[in-house]
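Here's the structure we're looking at; comments come further down.
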There are 2 protein chains.
Amino acid sequence: MNNFTDELRRHNLKATPQRLAISSALHNYGHVSIDTLYEMMLGEFASISLATIYKNINIMLENSYIQEVKIPQNKTVYELTKSSHSHLVCVDCKSVEDVSVDVDEIVNKLNLDDTFLISKADLVISGVCKNCN
Amino acid sequence: MNNFTDELRRHNLKATPQRLAISSALHNYGHVSIDTLYEMMLGEFASISLATIYKNINIMLENSYIQEVKIPQNKTVYELTKSSHSHLVCVDCKSVEDVSVDVDEIVNKLNLDDTFLISKADLVISGVCKNCN
DNA sequence: GATTAAAGGATAAAGATTATATTTTAAGTT
DNA sequence: AACTTAAAATATAATCTTTATCCTTTAATC
Ligand SMILES: [Mn+2]
Ligand SMILES: [Mn+2]
Ligand SMILES: [Zn+2]
Ligand SMILES: [Zn+2]
């Protein structure tokens with residue numbers, strides 16, 4: 001069961017129908033851009049405002065309920081916050097999939113001879129997915 | 001010596017004064033956003049058009065003369081194309097610096113048990129630089 | 001059920017990027 | 001060195017994209 005109501009409240013976000021729908025969309029599709037999210041929402045809420053999408057994406061980001069993934073040469077996508085992972089992006093069909101990479105391992109090697117205090121590492125791997133070759 | 005004229009031509013780009021200035025700016029400052037690049041150019045070319053900046057950035061990207069670096073929570077920056085490397089971004093002062101990371105090593109591990117054909121990997125490490133802590 | 005701060009909707013405003021039309025120029029040719 | 005021309009620069013309009021504002025609606029608390 002997916003209780004997005006509780007999860008939203010845990011992040012200090014009121015559980016509105018629009019936010020529950022956004023939660024479901026991200027849960028079901030994984031990585032979604034503003035545009036496609038808006039189109040999806042229009043299916044459920046014929047009169048939803050694009051401003052509502054933007055405002056929610058922003059506050060959800062601030063409250064770490066969701067995270068953004070910036071894609072090279074493409075639109076930024078958003079996903080529900082989950083444990084640290086990296087991304088595979090298909091340059092052909094633009095699909096984004098999760099991949100578990102031990103980024104910490106690489107990052108730790110650096111940290112030793114550096115005074116830079118690392119807080120996170122974003123890795124996006126581009127290529128051609130199995131459906132596109 | 002930096003012969004940007006030849007380097008531009010090697011990438012099928014006419015060597016205009018504006019492009020030479022953009023080249024110098026990227027060479028001297030490393031990683032520059034559209035905004036700051038425009039401001040810099042205004043110093044040299046009082047009447048340069050913002051459209052010129054955009055058109056040049058785009059064609060330079062297409063011709064691989066420069067590359068873009070998408071920064072989490074911040075503006076995209078551009079740099080002259082150089083050998084593969086990763087980036088350290090300070091969440092405080094927003095400075096971007098190059099760092100050599102063997103991303104291929106990690107990536108190769110994945111490739112073995114995956115049908116995804118990798119073409120490149122972008123790694124951006126966020127944290128606090130030595131000047132900001 | 002009443003109260004209220006927060007959120008949604010409609011739309012304007014602001015910001016960012018691209019397109020269009022005209023002038024200027026880099027680079028090749030005579 | 002002047003001639004030619006396609007490409008680039010400029011100015012500005014047009015087109016997104018994102019945020020702000022105002023008013024209405026509602027989720028959460030009592
Ligand atoms: Mn993901
Ligand atoms: Mn760099
Ligand atoms: Zn694909
Ligand atoms: Zn710093």
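Residue numbering restarts at 1 for every chain, and letters A, B, ... go by the order of the sequence lines. On a predicted model such as this, the values are computed, not experimentally measured, just so you know.
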Which protein N or O atoms sit under 3.5 Å from an N or O of nucleotides 21-24 of chain C?
none

How far apart are the C-alpha atoms of Tyr78(A) and Met60(A), what are their side-chain angles, what is the distance that settles it, and do they pass the side-chain contact (heavy atoms from CB on, under 4.5 Å) test? CA-CA 10 Å; Tyr78(A) 302 88; Met60(A) 286 172 167; over 6 Å; no
Figure out the CZ/P separation between Arg19(A) and dA6(C), and round it to whole Å. 11 Å
dist Ile53(B):CD1 -> Leu37(B):CG (nearest 0.5 Å) comes out at 4.5 Å
Step-by-step side-chain contact (heavy atoms from CB on, under 4.5 Å) determination, Cys93(A) to Asn131(A): CA-CA 9 Å; Cys93(A) 69; Asn131(A) 296 325; 5.7 Å; no
Show me the protein contacts with nucleotides 25-29 of chain C, counting only N or O atoms at under 3.5 Å.
unit_1  : atom_1 : unit_2   : atom_2 : d
dA27(C) : OP1    : Arg9(B)  : NE     : 3.0
dA27(C) : OP1    : Arg9(B)  : NH2    : 3.2
dA27(C) : OP1    : Ala15(B) : N      : 2.9
dA27(C) : OP2    : Arg9(B)  : NH2    : 2.5

Output for pair (Leu13(B) CG, Thr5(B) OG1), nearest 0.5 Å, gives 11.5 Å
Leu8(B) CG - dA7(D) P separation (whole Å): 17 Å
Looking at five pairs on each end of the helix from dG1(C)-dC30(D) to dT30(C)-dA1(D), what is the angle between the two axes, given to 10 degrees? 50°
Got a second to check how far Arg9(B)'s CZ is from Asn3(B)'s CG, nearest 0.5 Å? 8.5 Å
To the nearest 0.5 Å, atom CD1 of Ile34(B) lies from atom CD of Glu68(B) at 10.0 Å
Checking Ile57(A), Leu80(A), Ile22(A) against Tyr65(A) for side chain to side chain contact (heavy atoms under 4.5 Å, CB included), the one that qualifies is Leu80(A)
Mind calculating the distance between CD1 (Ile22(A)) and P (dA7(C)) to the nearest angstrom? 12 Å
Where along residues 32-48 of chain B does a heavy atom come under 4.0 Å from DNA chain C, residue by residue in number order? none
When the distance from NZ of Lys75(B) to P of dA16(C) is rounded to whole Å, what number comes out? 5 Å
Does OP1 or OP2 of dT10(D) have a side-chain N or O of Thr52(B) closer than 4.0 Å? yes
Give the residues of residues 56-66 of chain A touching DNA chain D, defined as any heavy atom closer than 4.0 Å, sorted by residue number. Asn58(A)
Full working for side-chain contact (heavy atoms from CB on, under 4.5 Å) between Val103(A) and Ser86(A): CA-CA 8 Å; Val103(A) 179; Ser86(A) 299; 3.5 Å; yes
Could you tell me whether the side chain of Pro72(A) reaches within less than 4.5 Å of the side chain of Val124(A), counting heavy atoms only? yes
Would one find more than 12 heavy atoms of other residues, nucleotides or ligands at under 6.0 Å from atom OH of Tyr29(A)? no
Starting at CD1 of Ile53(A) and ending at P of dA10(C), how long is that distance when rounded to a whole Å? 12 Å
Where do Ser64(A) and Thr81(A) come nearest, in terms of heavy atoms and distance? O-OG1, 2.8 Å
Rounded to the nearest 0.5 Å, the NZ atom of Lys70(A) sits from the CG atom of Asp122(A) at a distance of 10.0 Å
What residue pairs, at least two apart or across chains, pass salt bridge (charged side-chain N to carboxylate O under 4.0 Å, His left out) with a residue in residues 80-97 of chain A? Glu79(A)-Lys82(A), Lys82(A)-Asp98(A)
Non-hydrogen side-chain atoms of Met41(B) and Asn56(B) separated by less than 4.5 Å: no
Output the rounded distance in Å from OH (Tyr78(B)) to C1' (dA16(C)). 11 Å
Find the distance between CZ (Phe116(B)) and OG (Ser126(A)) and round it off to the nearest 0.5 Å. 7.0 Å
Expressed in angstrom and rounded to an integer, what is the separation of Tyr54(B) atom OH from dG15(C) atom P? 13 Å
Stepwise side-chain contact (heavy atoms from CB on, under 4.5 Å) test for Val89(A) and Val69(A): CA-CA 11 Å; Val89(A) 181; Val69(A) 184; over 6 Å; no
